[in-house]
A.B. asks: 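Can you read through this structure? Questions will come right after.
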Amino acid sequence: MNLKYIGFFSLVLALAFWGCGEDEDYEYDGVVPAIVDGVQGVTEINQSFSSDFYVDYCREGSTWSWTAVDATVTSVSDDTKTATVEFADLPADGYAEVIVIETTVKGVVSDPDTLEVLVNQYCAIDSNEDLEGSWSGTDGFEDTYYDSQVLTFDATETEITIDGLNYGWIVEYWGESITSGGSVPLIINEDGTVEIEYQYYFTTDWGGSPYEYYIEGSGTWSNCNDDPEITIEYTLYNYTDGYELPSYYYDYSNFTATIVLDGGSVAANKIADLSALDSKVIDLKGR
């Protein structure tokens with residue numbers, strides 16, 4: 001058969017499948033359906049917020065019914081494949097359940113499929129200005145965590161400036177001195193999440209040459225303990241040489257900073273004395 005006709009018939013078959021047309025080989029009144037790939041959606045959320053959950057397949061004529069334990073289904077889409085669930089209460093064991101059941105066009109009902117969702121306690125802040133100040137904690141990955149001290153300031157309704165992220169690692173371990181930059185906006189979302197959009201972060205010096213770094217990350221904030229906490233997972237992009245840290249050299253995709261607002265002193269931009277660094281640092285970088 002001509003190859004162009006083979007391609008044409010393959011396309012028709014693909015469109016029939018994705019169009020959710022009737023499958024002649026499927027016994028609608030005899031086979032118990034299975035929830036393909038299970039319930040899709042978040043597995044962790046803050047108390048008092050809502051999220052969408054869904055199934056990502058179709059079966060002609062089927063409908064899906066949704067229920068929840070320690071949460072409330074507030075709406076279901078017209079095709080019944082998506083449900084919005086509100087997590088107003090904190091479950092006793094920390095987990096809520098989102099459950100879906102499929103009913104075929106012939107009335108055959110599937111076994112229920114359940115997704116457990118960790119519900120974190122949520123404590124609102126009055127204003128992002130409450131997050132201004134000095135933070136301390138750790139920053140890095142695995143066995144290269146360093147003490148971290150950062151400063152947050154200039155809060156608005158949507159973001160706050162954060163200064164000092166990764167300073168300990170880039171200077172004390174990577175062996176590069178920070179010559180400029182080091183401050184970026186940290187987006188503060190009402191639902192307890194934070195974001196750092198992809199942008200220039202700082203310029204360093206190594207061996208007398210400048211290196212520009214960009215940053216991107218996300219994480220969470222919490223205000224339920226004595227002092228607010230922020231966890232940020234982020235990546236550094238060496239724009240000058242074209243590689244990412246830490247994944248280019250290590251089996252880790254992100255740095256992780258876990259910091260607490262404590263009012264302690266904050267270190268200024270550090271300038272490393274390269275002559276005093278252990279030569280192993282330079283060897284490790286392969287330069």
A.B. asks: Taking the side chain from Tyr201 and the backbone from Leu165, do they hold a donor-acceptor pair closer than 3.5 Å?
C.D. replies: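 Yes.
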A.B. asks: Does a side-chain heavy-atom distance below 4.5 Å link Val119 with Asp70?
C.D. replies: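 SC-SC contact between Val119 and Asp70 ruled out.
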A.B. asks: Suppose we call two aromatic rings close when their centres sit under 6.0 Å apart. Are Tyr200 and Tyr239 close by that rule?
C.D. replies: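 When the ring centroids of Tyr200 and Tyr239 are compared, they turn out to be at least 6.0 Å apart.
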A.B. asks: At their closest point, which heavy atom of Leu115 faces which heavy atom of Gly41, and how far apart are they?
C.D. replies: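 Shortest heavy-atom contact: CD2-O, 4.1 Å.
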A.B. asks: Donor-acceptor pair, Asp93 side chain versus Tyr95 backbone, under 3.5 Å?
C.D. replies: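 The answer is yes, because a donor-acceptor pair under 3.5 Å joins these two groups.
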A.B. asks: Give me the atom names and distance for the closest heavy-atom approach of Asn46 to Gly192.
C.D. replies: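 It is ND2-CA, 3.4 Å.
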A.B. asks: Is it true that the side chains of Tyr234 and Asn166 contain a donor and an acceptor less than 3.5 Å apart?
C.D. replies: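 Result is yes, a qualifying pair exists.
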A.B. asks: More than 12 foreign heavy atoms under 6.0 Å from OH of Tyr248: is that the case here?
C.D. replies: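 Not more than 12 within 6.0 Å, no.
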A.B. asks: Can you give me the closest heavy-atom contact between Cys123 and Trp221, atom names plus distance?
C.D. replies: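 Taking every non-hydrogen atom into account, O-CZ3, 3.6 Å.
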A.B. asks: For a quick test of reading the model, state the closest non-hydrogen atom pair linking Gln47 to Asp89 and the distance between them.
C.D. replies: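 Looks like CG-C, 4.1 Å.
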A.B. asks: Please check if the side chain of Gln199 supplies one atom and the backbone of Glu197 the other of a donor-acceptor pair under 3.5 Å.
C.D. replies: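 Yes.
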A.B. asks: Check whether Asp241 reaches the backbone of Tyr243 with its side chain - one donor and one acceptor, N or O, closer than 3.5 Å.
C.D. replies: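 Judged by distance alone, no pair lies under 3.5 Å.
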A.B. asks: Answer yes if the ring centres of Tyr213 and Phe202 are under 6.0 angstrom apart, and no otherwise.
C.D. replies: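 Centroid separation for Tyr213 and Phe202: below 6.0 Å.
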A.B. asks: Please state whether the rings of Trp169 and Phe141 are parallel, tilted or perpendicular, taking 30° and 60° as the class boundaries.
C.D. replies: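 Rings of Trp169 and Phe141: tilted, 30 to 60°.
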A.B. asks: Could you tell me whether the side chain of Ser253 and the main chain of Ser247 form a donor-acceptor pair under 3.5 Å?
C.D. replies: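 Judged by distance alone, no pair lies under 3.5 Å.
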A.B. asks: For Thr114 and Glu97, indicate whether the former's side chain and the latter's backbone hold a donor-acceptor pair under 3.5 Å.
C.D. replies: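 Not a single qualifying donor-acceptor pair exists.
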A.B. asks: Would you mind telling me which of Thr152, Thr258, Asp227 makes a side-chain hydrogen bond (donor to acceptor under 3.5 Å, both in side chains) with Trp135?
C.D. replies: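 That would be Thr152; it is the only one of Thr152, Thr258, Asp227 passing the side-chain hydrogen bond (donor to acceptor under 3.5 Å, both in side chains) with Trp135.
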A.B. asks: Could you tell me whether the side chains of Glu159 and Asn128 share a donor-acceptor contact shorter than 3.5 Å?
C.D. replies: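 No - no donor-acceptor pair under 3.5 Å links their side chains.
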A.B. asks: Give me the atom names and distance for the closest heavy-atom approach of Ser148 to Thr138.
C.D. replies: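 Taking Ser148 first and Thr138 second, the nearest heavy atoms are CB-C, 3.9 Å.
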A.B. asks: Can you tell me if Thr74 uses its side chain to pair, donor with acceptor, with the backbone of Thr84 under 3.5 Å?
C.D. replies: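 Yes: the side chain of Thr74 pairs with the backbone of Thr84.
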A.B. asks: Can Glu176 and Tyr211 be counted as having a side-chain donor-acceptor contact under 3.5 angstrom?
C.D. replies: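 No - no donor-acceptor pair under 3.5 Å links their side chains.
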A.B. asks: Give the intermediate values and the outcome of side chain to side chain contact (heavy atoms under 4.5 Å, CB included) for residues Ile188 and Leu186.
C.D. replies: CA-CA 6 Å; Ile188 306 294; Leu186 179 68; 4.0 Å; yes
A.B. asks: Mark yes or no for whether Asn223, through its side chain, and Ala124, through its backbone, hold a donor-acceptor pair below 3.5 Å.
C.D. replies: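 Yes.
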A.B. asks: Tell me the ring-ring contact (aromatic ring centres under 6.0 Å, His included) pairs involving residues 58-86, sequence neighbours left out?
C.D. replies: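 Listed by first then second residue: Tyr57-Trp64.
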A.B. asks: Is the side chain of Asn189 donor-acceptor paired with the backbone N or O of Asp191 at a distance under 3.5 Å, no angle test?
C.D. replies: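 Answer holds: no.
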A.B. asks: Applying side chain to side chain contact (heavy atoms under 4.5 Å, CB included) to Phe53 and Val42, what does each step give before you reach the verdict?
C.D. replies: CA-CA 8 Å; Phe53 297 84; Val42 300; 3.9 Å; yes
A.B. asks: Show the nearest heavy-atom pair for residues Val98 and Val39, with the distance to one decimal.
C.D. replies: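 In this case the closest contact between Val98 and Val39 is O-CG2, 4.1 Å.
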A.B. asks: Is the closest side-chain donor-acceptor distance between Glu102 and Ser62 under 3.5 Å?
C.D. replies: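 Looking only at side-chain atoms, Ser62 and Glu102 do form a donor-acceptor pair, the distance falling under 3.5 Å.
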A.B. asks: Should Thr204 and Trp174 count as side-chain neighbours, where that means a heavy-atom distance under 4.5 Å?
C.D. replies: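 Side chain of Thr204 against side chain of Trp174, heavy atoms only: no contact under 4.5 Å found.
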